[in-house]
Protein chains: 2
Amino acid sequence: MSKTAVSFAFNSPERLSAETAVRIREVADTLGYRPNPVARMLTQRQTMTLGVLTPQALAVIFSNPFFALFSEGVAHAAEDLGYELHFISPLHGSLALAMGRATVDGVVAIGLSADHPEVGQIRGAGLPMVLVDSDDLPEHSSVMVDDEAGARAAAEHVLGLGHRDVLIIAVEGPESPTGQPQRQGVTERRLRGYQAALDAAGISLRSDHIVAGRASIEGGASAFQRAWAAGTRPTAVLAMSDAMAIGAMRVAREQGLRIPDDMSVVGFDDIDLAAHVDPPLTTVHQPIRQKGADAVRLLLAEVEQREAYRPEHLRLETRLIVRGSTGPAPRERQEVTGAT
Amino acid sequence: MSKTAVSFAFNSPERLSAETAVRIREVADTLGYRPNPVARMLTQRQTMTLGVLTPQALAVIFSNPFFALFSEGVAHAAEDLGYELHFISPLHGSLALAMGRATVDGVVAIGLSADHPEVGQIRGAGLPMVLVDSDDLPEHSSVMVDDEAGARAAAEHVLGLGHRDVLIIAVEGPESPTGQPQRQGVTERRLRGYQAALDAAGISLRSDHIVAGRASIEGGASAFQRAWAAGTRPTAVLAMSDAMAIGAMRVAREQGLRIPDDMSVVGFDDIDLAAHVDPPLTTVHQPIRQKGADAVRLLLAEVEQREAYRPEHLRLETRLIVRGSTGPAPRERQEVTGAT
DNA sequence: GTGAAAGCGCTAACAG
DNA sequence: CTGTTAGCGCTTTCAC
């Protein structure tokens, strides 16, 4: 009984007499032996593991509904295809360091702009990668969503309801860490969408009617709070994430506003919670789970057929979901606002 | 410039002239070279990765608030200590298979009873492991919560409010997969707690006043629905998870019941959502995040000081949080119930 | 059907 | 300070 025999017993039992194979496995069981998976990875030159690269600490992933939904899609696809998943988040503050440790066959990067140093590093190393919610890099597959159209639809909706005084709650830029994997690119695209609708309606957006915060309930609450304290009295709020919209609603309510009677609110993402808050949130739906699943599918295309591989660039649809948080612009409030 | 030099440049730059080290790293960068982490793991005989063994598909982890909270704790501790995290969930339906692939230095097993075959496999292989919400195995550290005391407190609370007709919504046994990582052991312990309080009050629990379902909102809804359809009209519901309690509340409301006026509901876990439903859920708080963090801490004690290691068995406290979903037993309803 | 030997890419004694 | 060498534990041709 040699090493070869043992190896065969585990990997290609058919090349051994059935009897020997069984015997070997029994002995292995008794001894508590298991083939060392690291050594195995080394000789096979593949890890059967996919990496999910995120600029966030792992702990926030689990508390961020957007990320949780995305991971659900990724996990589902990876498991189906027999791959393990490895979440790569900053190690001792450094994503590059974590990336150096990561034993993966390819990487899904979410919320990292294409000029992020780690993205360059991975490209240089020739590791397969797909970019999600980033920019289009010709050599890499990517998945994004039509943020601009979604934002425009949201703005057109409130405009159609007669609102003329709109507050935009944006996600903070990359300077300060955001609570959600959406960065410059996404924020910019959504802003462009809002702006386009306002322009078309001949409404100019005052710069103090754009506030920013982290993409969380708290972030939305404090951003709205800040605007309110500064005397801003919009009849409608366009938030770049549902979490922020929910935070804004909470503060608004604390200020005595009724939603949607006194003020309308629109979110973005359509996380599960959106339908269950009171009032149910009008929002822009994006297929978050599917983004994750598609990203994995694209990544595996690259990982498994290195040769004839052609990058694909997916752009998924968004759509406005009208629920209870939006309504006609209030007459009196409009006047009050006019006086502000 | 030899392999050694390169290795040093990455691992112990101080053993090289500063100049050479820099030069090597530059060349490496240009070439897109990075030390192969798998080979590195092999020679170092450690992976710097911890495994989280779960009987659930990864995709459900992200949609299960209990699990998300637990993972948050695990992730936080692991990141602090410089370890990567690897979630080990059934591969092609087999946990053993996934375990075979897993390149980890140790494992946190959650919701797996001690007699689970994979637990035996890991023990046999001599891999460090800590058990969470399982049974106590003398050779392995473990973390659990005082489920029995928590359940008893919940039951005593409703009893103290005058309730005499109580419905228990339990988590399904291991036969059918549960939506939450709590199995036989946990279910049994909680049941024991409820029972003890009822016994002490001289109330006998009819067997049709225990229903079970998956530990999710839907599971709770359908379990309550089933009981209701069978004519059960309790004045109080004790659910073994907040998600189930919330599901039961939804169905109760659909049946025209007002909570807590017509019926009281108590949950278990105290997930974030519990405080934000309407009415806010009275529940048994357990330190879920901390369970995760403690498990990692214990695991690392074993991983890093193999020798003088002594297993520890932690039992964390639970405590009743009274919120708006419980109130005095309704007089009339009690009579109605009596007639059922 | 089974054993011998080479090598996956790296680290770490050990010389030089 | 730098190069040589021997493994880490496995897989995999290639003979037997």
Side-chain angles (χ1 to χ4, degrees), chain A residues 1-29 31-49 51 82 84 96-106 121-122 124-127 303 306, chain B residues 1-29 31-49 51 82 84 96-106 121-122 124-127 303 306:
Chain A
M1 184 171 99
S2 67
K3 290 148 68 83
T4 319
V6 177
S7 179
F8 281 162
F10 280 91
N11 304 310
S12 3
E14 70 279 4
R15 301 183 56 175
L16 243 42
S17 73
E19 187 197 325
T20 333
V22 170
R23 191 166 50 87
I24 292 182
R25 309 202 58 137
E26 274 169 359
V27 175
D29 250 31
L31 266 46
Y33 167 86
R34 61 166 198 152
N36 180 324
V38 177
R40 194 193 155 90
M41 277 182 182
L42 186 61
T43 53
Q44 310 241 140
R45 287 119 144 286
Q46 61 169 334
T47 64
M48 292 306 281
T49 310
E84 308 282 315
L97 200 67
M99 197 52 227
R101 288 205 181 309
T103 54
V104 297
D105 294 336
Q121 188 189 350
I122 295 169
L127 204 58
V303 169
R306 250 40 206 4
Chain B
M1 186 171 97
S2 67
K3 287 150 69 83
T4 319
V6 177
S7 180
F8 280 163
F10 280 92
N11 304 310
S12 4
E14 70 280 5
R15 301 183 56 176
L16 243 40
S17 73
E19 188 198 324
T20 333
V22 170
R23 192 166 49 87
I24 291 182
R25 307 200 60 136
E26 274 170 358
V27 175
D29 250 32
L31 267 44
Y33 167 86
R34 60 165 202 156
N36 180 324
V38 177
R40 194 192 155 91
M41 277 181 181
L42 186 61
T43 54
Q44 310 242 144
R45 284 118 144 285
Q46 63 168 334
T47 63
M48 291 305 283
T49 308
E84 309 280 315
L97 200 67
M99 197 51 227
R101 289 206 180 308
T103 55
V104 297
D105 294 336
Q121 188 189 349
I122 296 170
L127 205 58
V303 168
R306 248 46 204 1

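Computed from a prediction, not measured in an experiment: that's the story for all the values here. Letters go in sequence order (proteins before strands), and every chain restarts at 1.
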Donor-acceptor under 3.5 Å (B:Thr47 side chain, B:Asp105 main chain)
yes

Correct closest heavy-atom pair for B:Gly100 and A:Arg34 would be O-NH1, 4.0 Å

Shortest non-hydrogen pair, B:Pro37 vs A:Ala102, comes out as CG-O, 3.4 Å

Using whole Å, report how far [atom1] of [X] lies from [atom2] of [N].
X        : N      : atom1 : atom2 : value
A:Met41  : C:dC10 : CE    : P     : 16 Å
B:Phe8   : C:dA12 : CZ    : P     : 8 Å
B:Phe10  : C:dA12 : CZ    : P     : 15 Å
B:Arg101 : D:dC10 : CZ    : P     : 15 Å
A:Glu14  : C:dG1  : CD    : P     : 10 Å
A:Asn11  : D:dG9  : CG    : C1'   : 13 Å
A:Leu42  : C:dC8  : CG    : P     : 9 Å

Distance criterion of 3.5 Å, no angle test: do you see the side chain of B:Thr4 paired donor-to-acceptor with the base of C:dA12? yes

[N] OP1/OP2 closer than 4.0 Å to side-chain N/O of [X]:
X       : N      : value
B:Asn36 : C:dC8  : no
A:Arg40 : D:dT11 : yes
A:Ser7  : D:dC10 : no
A:Thr20 : C:dT2  : yes
A:Gln44 : D:dT12 : yes
A:Arg45 : C:dG9  : yes

Please lay out, stage by stage, how B:Val22 and B:Glu26 fare under the test side chain to side chain contact (heavy atoms under 4.5 Å, CB included).
-> CA-CA 6 Å; B:Val22 170; B:Glu26 274 170 358; 3.8 Å; yes

Counting any heavy atom closer than 4.0 Å, what does B:Tyr33 reach on the DNA or RNA strands: base, sugar-phosphate only, or nothing?
-> sugar-phosphate

Checklist entry - Around A:Glu19, counting heavy atoms of other residues, nucleotides and ligands shown, do more than 12 lie under 6.0 Å from its CD? => result no

